[in-house]
Structures are given as structure tokens and as C-alpha cells.
Amino acid sequence: MSVLPPLRPRPRPGNLREVAEQIEAATGLRVQIVGGSLVMSPTPRGKHAGVIYRLEEAIRPRLPATLVAAELASIEMPEDPDDYVTPDLTVCPAEFLESDDWLIDPQDVELAVEVISKSEKARDVSQRNDWHAVAGVKVLLVVDPRHGSWALHTQPRGGGYQETLRGKYGEEIPLPDPLCLQLATDRLPVYASG
């Protein structure tokens with residue numbers, strides 16, 4: 001009698017997180033589950049990582065002791081066994097860094113930051129923005145190094161953000177309570193064209 005290797009889990013509702021973890025472990029790709037679909041993206045490099053680094057460097061020293069800026073911390077979709085996203089930067093309660101949890105309740109997120117990849121499609125950006133709003137993330141900052149621009153989304157309600165403030169690099173981003181800071185953007189890198 002031959003012994004067959006154990007079957008690998010196949011993607012299906014209820015086990016997508018397990019499949020996502022296996023893909024991350026095997027490939028090193030960042031995996032998210034957005035609207036029931038596995039979304040894979042390469043690990044941030046170069047200027048993408050530079051944007052994240054500079055934003056974190058500006059935010060971290062101005063946070064109250066109760067909050068931290070965490071890179072690649074995942075946010076769960078309430079009452080969904082699969083969906084989660086992993087923003088480039090998340091401002092959340094400091095006790096998250098002491099927990100064994102890997103998912104943050106979106107109600108505990110004060111700010112999620114997404115940096116657009118060079119090859120990202122507008123449809124993917126829009127879908128991820130909507131995901132944050134549906135989950136109830138209070139403030140979403142989307143930085144786009146392709147165009148040297150940013151968008152600050154606030155007041156999630158009805159599956160979308162009710163307020164969006166847009167700007168260009170060089171203009172400060174006014175982060176609302178409890179952060180209450182003007183975030184400089186003049187040192188953020190722009191992707192090379194082509």
C-alpha cells in the first residue's frame with residue numbers, strides 16, 4: 001500500500017486565511033484577502049519602502065504613549081472568517097505589540113496607510129479603499145508615488161468614505177484626532193517613469 005502525501009488545503013470560504021498563510025510562507029509574497037479573493041503583492045522595495053519609512057519616521061515620535069505605528073499589521077473584516085488586509089502602516093493601540101494576535105479589530109485602528117505600488121491598477125486601489133470603509137477603519141491615507149499625490153479618506157459609512165481630501169507632495173496632510181498632526185510630504189520619493 002502506498003502512502004499519499006497529505007492534501008494541501010484548497011481555497012474555499014472559511015479556509016482562505018490558512019491558504020494565504022501557506023502562500024506567504026512558501027513565496028514570501030504579501031497575501032491579503034479582499035472581498036473573498038486572494039490578493040498577492042511583492043514585498044515593498046526601494047522607493048515604496050522609502051515612503052513607508054519616512055511616514056513612520058514622521059508619525060512615530062508624535063504618537064501618544066497609548067498608540068504605535070506598526071508595519072504590516074493585518075486588519076480583520078468583522079464577522080468574516082476570511083477577509084483581511086495588511087496595510088503598509090497601521091496606527092493602533094500599543095498593546096497590540098504585546099499580543100499573540102495577528103489581526104487587529106478595525107475599530108482599534110486610528111490610521112491605515114496604503115502606499116500604491118508602481119504597477120497597481122486603479123480598480124485594485126478602489127476595491128481596497130472600499131474594503132477599509134466597509135470594515136470601519138476610521139482614517140485611510142493612500143499615498144501614490146506614481147504621481148506624487150495622496151488622498152486622506154475619513155468618515156466611513158455605507159460602504160464608502162464620506163470625506164476625501166486630496167493633495168500633492170509638498171502639501172501637508174492634516175491627520176485628524178487623536179493624531180492631530182500635519183504630516184509633511186516634501187521628502188516622499190516618486191517612482192521613476194517607465
Separation of [Y] [atom2] from [X] [atom1] (nearest 0.5 Å):
{"X": "Leu67", "Y": "Arg62", "atom1": "CG", "atom2": "CZ", "value": "14.5 Å"}
{"X": "Trp131", "Y": "Met77", "atom1": "CH2", "atom2": "CE", "value": "5.0 Å"}
{"X": "Ile116", "Y": "Lys118", "atom1": "CD1", "atom2": "NZ", "value": "14.5 Å"}
{"X": "Ile59", "Y": "Glu57", "atom1": "CD1", "atom2": "CD", "value": "11.0 Å"}
{"X": "Thr86", "Y": "Ile75", "atom1": "OG1", "atom2": "CD1", "value": "8.0 Å"}
{"X": "Ile173", "Y": "Arg166", "atom1": "CD1", "atom2": "CZ", "value": "12.5 Å"}

Would a 4.5 Å heavy-atom cut-off, applied to side chains only, mark [X] and [Y] as touching?
{"X": "Leu111", "Y": "Leu141", "value": "yes"}
{"X": "Leu179", "Y": "Leu63", "value": "yes"}
{"X": "Lys47", "Y": "Pro145", "value": "no"}
{"X": "Lys138", "Y": "Val109", "value": "no"}
{"X": "His132", "Y": "Pro87", "value": "yes"}
{"X": "Arg54", "Y": "Pro189", "value": "yes"}
{"X": "Ser74", "Y": "Val85", "value": "no"}

Where the side chain of [X] meets the backbone of [Y], is there a donor-acceptor pair that is under 3.5 Å apart?
{"X": "Asp88", "Y": "Val115", "value": "yes"}
{"X": "Gln162", "Y": "Arg157", "value": "yes"}
{"X": "Ser149", "Y": "Gly167", "value": "no"}
{"X": "Lys168", "Y": "Gly148", "value": "no"}
{"X": "Thr185", "Y": "Glu171", "value": "yes"}
{"X": "Asp177", "Y": "Cys180", "value": "no"}
{"X": "Ser99", "Y": "Asp101", "value": "yes"}

Parallel, tilted or perpendicular for His48 and Tyr191, by the 30°/60° rule?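 Geometry flag for Tyr191 against His48: parallel rings.
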Worked check of side-chain contact (heavy atoms from CB on, under 4.5 Å) between Val139 and Glu110: CA-CA 6 Å; Val139 180; Glu110 297 299 339; over 6 Å; no
Please find the pair of heavy atoms, one from [X] and one from [Y], that lie closest to each other, and give the distance.
{"X": "Pro174", "Y": "Leu152", "value": "O-CD2, 3.3 Å"}
{"X": "Ser117", "Y": "Arg146", "value": "O-CD, 3.6 Å"}
{"X": "Pro93", "Y": "Val68", "value": "O-CG2, 3.9 Å"}
{"X": "Ala65", "Y": "Ala94", "value": "O-CB, 3.8 Å"}

Treating Ile, Leu, Val, Met, Phe, Trp and Tyr as nodes and any side-chain heavy-atom pair under 4.5 angstrom as an edge, say whether Leu181 and Leu55 lie in one connected cluster.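 Both belong to a single hydrophobic cluster.
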Transitive ILVMFWY side-chain link Leu183 to Tyr53, under 4.5 Å: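 Different clusters: Leu183 never reaches Tyr53 through Ile, Leu, Val, Met, Phe, Trp or Tyr contacts under 4.5 Å.
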Positive for side chain to side chain contact (heavy atoms under 4.5 Å, CB included) with Trp150, one of Leu165, Leu188, Asp144, Val142: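 Output: one option passes, namely Leu165.
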Just do the side-chain contact (heavy atoms from CB on, under 4.5 Å) check on Tyr169 and Val143 with the steps written out, would you? CA-CA 9 Å; Tyr169 283 13; Val143 180; 3.5 Å; yes
Go through it in stages, so that I can follow the logic: the residues are Val113 and Ile52, the test is side-chain contact (heavy atoms from CB on, under 4.5 Å), and I'd like the CA-CA distance, side-chain angles, deciding distance and then a yes or no. CA-CA 8 Å; Val113 178; Ile52 299 164; over 6 Å; no
Can you name the residues that form a ring-ring contact (aromatic ring centres under 6.0 Å, His included) with His153, not counting sequence neighbours?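 Counting only residues at least two positions away or on another chain, His153 forms a ring-ring contact (aromatic ring centres under 6.0 Å, His included) with Tyr161.
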